[in-house]
Amino acid sequence: DQQVKQNSPSLSVQEGRISILNCDYTNSMFDYFLWYKKYPAEGPTFLISISSIKDKNEDGRFTVFLNKSAKHLSLHIVPSQPGDSAVYFCAATEPNTNAGKSTFGDGTTLTVKP
Amino acid sequence: KAGVTQTPRYLIKTRGQQVTLSCSPISGHRSVSWYQQTPGQGLQFLFEYFSETQRNKGNFPGRFSGRQFSNSRSEMNVSTLELGDSALYLCASSLGTGIIGEKLFFGSGTQLSVL
């Protein structure tokens, strides 16, 4: 039973436009959500996160939205740049659970075309 | 600060052999976790070590084991390798405090190919 799902394996957008990456979860105990970005031949790096007590968190061009009732979160990148082309993983943790035991989705490969 | 270091970067083994992967966490981080990534799949949690003790374990067979040393360095061992064990193995370190908001710092991974 996959508790974190990223239903779109890939997404292609034009440079300068908005990229929207989606993530759904089934475990209502999750209280913290993170997005990681992964380039080829490198490990994932932290991008942005959101606590379940918030519905939005913004960091520069990146904004994460959380809809707890729908158990859905999304990552918006505006404007998208070619350097944003990477695999994006959504991850979640439960209360009193260490970050080391995060639950990850399958990832979405974003391609930003110049 | 130096990042998370994993060795080796690439490994080729044959079925039935065993393999040991190594991970050095960021200085001061006491938690080391291991994840498996296969094509088309997300990161599957293997186990987490904290202060030399396995604190959490994922749903992998007993052929997958690990340990952590007093300097927080960790090793992962896979015995009796199977073709399906071919994957990218990622190590991640964190402070391990359990405080909400903690994030993981990943190494570049070890790409294991089982022939």
Side-chain angles (χ1 to χ4, degrees), chain A residues 1-10 21 23-27 29-54 57 59 64 66 86-109, chain B residues 3-7 9-10 23-26 29-51 53-60 66 68 72 74 88-111:
Chain A
D1 176 36
Q2 194 166 12
Q3 299 185 60
V4 177
K5 296 180 183 180
Q6 294 177 254
N7 292 318
S8 298
S10 63
L21 294 88
C23 178
D24 297 296
Y25 61 96
T26 58
N27 186 345
M29 294 297 293
F30 288 143
D31 69 341
Y32 201 78
F33 304 88
L34 309 93
W35 286 92
Y36 290 85
K37 180 169 73 173
K38 184 181 184 300
Y39 292 118
E42 295 182 13
T45 56
F46 170 76
L47 184 59
I48 192 170
S49 61
I50 187 167
S51 165
S52 61
I53 62 173
K54 295 185 175 182
N57 188 28
D59 184 2
V64 57
L66 175 61
V87 179
Y88 289 79
F89 291 99
C90 171
T93 58
E94 295 184 34
N96 303 315
T97 301
N98 305 291
K101 195 177 180 288
S102 298
T103 302
F104 284 80
D106 289 349
T108 296
T109 300
Chain B
V4 178
T5 304
Q6 287 188 249
T7 56
R9 285 298 302 271
Y10 303 94
C23 173
S24 293
I26 290 173
H29 285 189
R30 296 170 64 191
S31 168
V32 174
S33 299
W34 290 88
Y35 288 84
Q36 181 196 65
Q37 184 188 11
T38 50
Q41 296 214 356
L43 281 66
Q44 304 294 316
F45 173 72
L46 282 153
F47 29 66
E48 181 209 6
Y49 285 86
F50 180 83
S51 293
T53 301
Q54 187 179 88
R55 188 158 66 172
N56 288 294
K57 189 177 189 304
N59 296 323
F60 278 80
Q68 186 180 35
S72 293
S74 176
L88 178 67
Y89 290 88
L90 290 160
C91 164
S93 78
S94 64
L95 291 170
T97 60
I99 295 175
I100 191 170
E102 203 172 311
K103 56 184 182 278
L104 298 175
F105 295 82
F106 285 88
S108 297
T110 294
Q111 183 67 54

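Keep in mind it's a predicted model, so treat the numbers as computed, not measured. To find a chain, count down the sequence lines: A is the first, B the second, and so on, and within it residues start at 1.
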Given that the side chain runs from C-beta out, which part of B:Tyr35 has a heavy atom under 4.5 Å from chain A: side chain, backbone, both or neither? side chain

I want to check something: taking the side chain as every heavy atom from C-beta on, are A:Phe104 and A:Pro44 in contact at a cut-off of under 4.5 Å? no

Which bit of B:Leu90 comes within less than 4.5 Å of chain A, counting heavy atoms only: side chain, backbone, both or neither? side chain

Paired with B:Tyr89, the side-chain hydrogen bond (donor to acceptor under 3.5 Å, both in side chains) test is passed by just one of B:Gln37, B:Gln6, B:Gln36, namely B:Gln36

Contact class of A:Tyr39 relative to chain B, heavy atoms under 4.5 angstrom: neither

Please report the C-alpha distance between A:Lys38 and B:Phe106 in whole Å, then the side-chain angles of each, then the deciding distance to 0.1 Å, and finally whether the side-chain contact (heavy atoms from CB on, under 4.5 Å) criterion is met. CA-CA 10 Å; A:Lys38 184 181 184 300; B:Phe106 285 88; over 6 Å; no

Derivation and outcome, side-chain contact (heavy atoms from CB on, under 4.5 Å), residues B:Cys23 and B:Val4: CA-CA 7 Å; B:Cys23 173; B:Val4 178; 3.7 Å; yes

So what's closer than 4.5 Å to chain A heavy atoms on B:Phe105: side chain, backbone, both or neither? neither

Non-neighbouring partners of B:Phe60 that pass ring-ring contact (aromatic ring centres under 6.0 Å, His included), sequence neighbours left out: B:Phe64

Heavy-atom cut-off 4.5 Å, strictly under: side chain, backbone, both or neither for B:Leu88 against chain A? side chain

Could you give all pairs that pass the side chain to side chain donor-acceptor pair (under 3.5 Å) test and reach residues 102-111 of chain B, with sequence neighbours left out? B:Ser94-B:Glu102, B:Thr97-B:Glu102

What residue in B:Val32, B:Leu95, B:Leu43, B:Leu46 has the most heavy-atom pairs under 4.5 Å with chain A? B:Leu43

Under 4.5 Å, counting heavy-atom pairs only, tell me which of A:Pro9, A:Ser51, A:Ser102 racks up the most with chain B. A:Ser102

